[in-house]
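What follows is a single structure, and I will ask about it in a moment.
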Number of protein chains: 2
Amino acid sequence: MPTTRTSPSEPAPATAARPDRLDTRVLESLVGYNTRRAWSVISSVFAERMAVYGLKQVDFSVLSLLAHNPGATSRQLCATLDILPPNLVSLVAAMDSRGLIERRPHPTDGRAVGLHLTAPGRKLVREAEQTVTQLELDASAKLTARERETLIKLLQKVYL
Amino acid sequence: MPTTRTSPSEPAPATAARPDRLDTRVLESLVGYNTRRAWSVISSVFAERMAVYGLKQVDFSVLSLLAHNPGATSRQLCATLDILPPNLVSLVAAMDSRGLIERRPHPTDGRAVGLHLTAPGRKLVREAEQTVTQLELDASAKLTARERETLIKLLQKVYL
DNA sequence: TATTGTTATACTCTATAACTATA
DNA sequence: TATAGTTATAGAGTATAACAATA
């Protein structure tokens with residue numbers, strides 16, 4: 001029987017045996033640490049699978065939001081996704097030159113610009129949303145459908 | 001009764017009424033999106049409250065890990081926290097010049113360096129860990145203790 | 001030949017200040 | 001006076017390649 005450790009207050013020196021596994025019990029008791037690690041994993045899978053569409057996570061969020069909120073403005077997207085206006089400019093410009101979205105003058109506010117998906121944009125979102133759905137299931141494969149729902153509900157209790 | 005929306009397939013134009021709240025139902029059904037948003041919130045609270053100690057999240061993780069794994073090497077920290085070796089160098093150097101850690105030659109491996117907390121380092125970690133514990137409770141105040149446990153368990157099912 | 005720690009560097013992400021045109 | 005969108009830019013975070021010392 002190797003290194004039976006009963007007392008957390010007497011840490012085993014990592015220099016001695018030097019296992020690749022360190023004692024992470026304190027960190028793993030923290031919501032923040034676990035949330036960051038879980039997001040890191042999902043984030044990687046997302047990046048891999050969405051590369052074929054040339055979409056990063058923010059890109060997908062913006063397009064999906066526009067699919068369900070046609071004519072939304074940059075300001076609305078920023079407020080919803082919690083990103084800063086200057087950081088959305090180049091992103092929207094890139095979508096525009098890719099022919100995925102159109103910028104139309106806002107009907108009532110001359111300062112604002114309404115963002116609309118083009119037909120190719122709508123097609124891309126449809127495909128991307130399906131890929132994301134599958135990717136999510138794969139990335140959280142150790143969770144049952146019920147657990148997955150619970151996880152989402154608890155996460156929303158933290159940030160909503 | 002305003003805008004009774006029964007069908008998600010017929011999105012209300014965001015240009016018309018232009019409410020600050022967009023339809024985020026698709027995004028909110030995704031584990032990735034919710035995880036990222038929750039982490040963003042906790043991250044902000046963490047940054048605020050840990051500023052007094054001059055510790056970022058990675059700094060805290062490293063120090064806490066060293067408190068419970070004295071003599072751990074950079075390589076071990078990198079593997080455990082999933083960060084790249086070049087990005088740990090300046091971090092460890094800063095901790096060293098702040099007098100929080102000591103770098104001692106490794107007893108058996110001449111290439112490696114054992115990292116140890118100094119007395120001031122141990123004192124700082126003790127205080128910081130208490131602050132983090134409280135900060136976590138505040139940031140997840142809408143969760144019961146039971147829900148908090150469940151959330152952590154489910155997150156670990158995703159990344160462990 | 002492989003690994004630890006390091007340097008230099010580049011790329012992405014996020015943040016701030018300041019401008020313009022409309023309201 | 002305040003807001004939508006933009007520009008320029010700075011800082012943090014994250015990534016790769018290559019090297020010296022040791023195993």
Side-chain angles (χ1 to χ4, degrees), chain A residues 14-15 18-20 22 32 36-37 39-41 43-44 46-48 50-51 54-62 71-97 101-116, chain B residues 14-15 18-20 22 36-37 39-41 43-44 46-48 50-51 54-62 71-97 101-115:
Chain A
T15 12
R18 200 148 67 104
D20 257 17
L22 295 180
R36 188 190 169 282
R37 294 302 299 264
W39 178 75
S40 176
V41 166
S43 184
S44 298
F46 191 104
E48 280 173 28
M50 297 300 279
L55 296 181
K56 300 183 189 301
Q57 319 188 42
V58 202
D59 302 324
F60 171 76
S61 296
V62 165
T73 68
S74 292
R75 202 231 142 257
Q76 287 178 309
L77 295 175
C78 284
T80 305
L81 296 174
D82 196 26
I83 55 184
L84 295 168
N87 300 328
L88 188 66
V89 175
S90 62
L91 193 155
V92 166
M95 302 279 190
D96 195 356
S97 48
I101 65 173
E102 269 182 4
R103 313 158 96 155
R104 302 185 199 156
H106 194 279
T108 64
D109 191 335
R111 301 167 300 180
V113 178
L115 302 174
H116 299 261
Chain B
T15 13
R18 200 150 66 105
D20 258 16
L22 295 181
R36 188 190 168 281
R37 293 301 299 264
W39 178 75
S40 175
V41 165
S43 184
S44 297
F46 191 104
E48 281 173 26
M50 297 300 278
L55 296 181
K56 299 183 190 303
Q57 319 188 42
V58 201
D59 303 324
F60 171 77
S61 295
V62 165
T73 68
S74 290
R75 202 233 142 257
Q76 287 178 307
L77 294 175
C78 284
T80 306
L81 296 174
D82 195 27
I83 55 184
L84 296 168
N87 300 327
L88 188 66
V89 176
S90 62
L91 194 154
V92 166
M95 302 276 190
D96 195 355
S97 48
I101 66 173
E102 268 181 5
R103 314 158 93 154
R104 302 185 200 156
H106 194 278
T108 64
D109 191 334
R111 300 167 301 181
V113 178
L115 302 174

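Chain A is the first sequence line, chain B the second, and so forth, proteins listed ahead of strands; every chain is numbered from 1. Only a predicted model underlies this, so the values are computations on that prediction, with no experimental measurement involved.
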Whole Å only: how far is the CZ atom of B/R104 from the P atom of C/dG5? 16 Å
Counting C-beta onward and ignoring hydrogens, is there a side-chain heavy-atom pair between B/M95 and B/L91 closer than 4.5 Å? yes
Return the 5'-most residue of the pair A/V113, B/K56 with respect to DNA chain D, ranking by each residue's nearest nucleotide. A/V113
Would you check if B/I83 and B/L77 make a side-chain contact, meaning some heavy-atom pair closer than 4.5 Å? no
Under 3.5 Å, is there a donor-acceptor pair between the side chain of A/D59 and the main chain of A/K56? yes
Let me know the distance between CG of A/L91 and C1' of D/dG5, rounded to the nearest Å. 15 Å
Determine to 10° how strongly the helix from C/dT1-D/dA23 to C/dA23-D/dT1 is bent, judged from the axes of its five-pair ends. 0°
Could you state the CD1-C1' distance from A/I83 to C/dT12, rounded to the nearest angstrom? 15 Å
When rounded to whole Å, the CG to C1' distance for the pair B/D82 and D/dA15 reads 13 Å
Find the distance B/M50:CE to D/dA12:C1' and express it as a whole number of Å. 18 Å
Taking C/dG5, C/dC13, D/dG5 as options, the one with an atom nearest any side-chain atom of A/A112 is D/dG5
Using the test side-chain hydrogen bond (donor to acceptor under 3.5 Å, both in side chains), find all partners of A/S43 that sit at least two apart in sequence or belong to another chain. A/Q57
Quick test of your reading: applying salt bridge (Lys or Arg N to Asp or Glu O under 4.0 Å), list the pairs with at least one residue in residues 79-90 of chain A, sequence neighbours left out, ordered by first then second residue. none
Give one of base, sugar-phosphate or nothing for A/V58, where a contact means two heavy atoms less than 4.0 Å apart. nothing
Could you tell me the separation between the CG atom of A/L84 and the P atom of D/dT6, rounded to a whole number of Å? 15 Å
If you look at every heavy atom in B/T80 and A/R37, which pair is closest and at what distance? O-NH1, 2.9 Å
Out of D/dG5, D/dG13, D/dA15, minimum distance to the side chain of B/N87 belongs to D/dA15
Check: B/V62 and B/I101 side chains under 4.5 Å, non-hydrogen atoms: no
Show the distances under 3.5 angstrom between N or O atoms of the protein and N or O atoms of nucleotides 17-23 of chain C.
from: C/dA23; atom 1: OP1; to: A/G110; atom 2: N; distance (Å): 2.8

Does B/R103 put a side-chain nitrogen or oxygen below 4.0 Å from OP1 or OP2 of C/dT6? yes
For A/I101 and D/dG5, give me the distance from atom CD1 to atom C1', rounded to whole Å. 13 Å
Side chain to side chain contact (heavy atoms under 4.5 Å, CB included) partners for B/L84, two or more places apart: B/P86, B/N87
Using the test side chain to side chain contact (heavy atoms under 4.5 Å, CB included), find all partners of B/V113 that sit at least two apart in sequence or belong to another chain. B/R103, B/L115
Atom CD of B/Q57 and atom C1' of D/dA12 are separated, to the nearest Å, by 12 Å
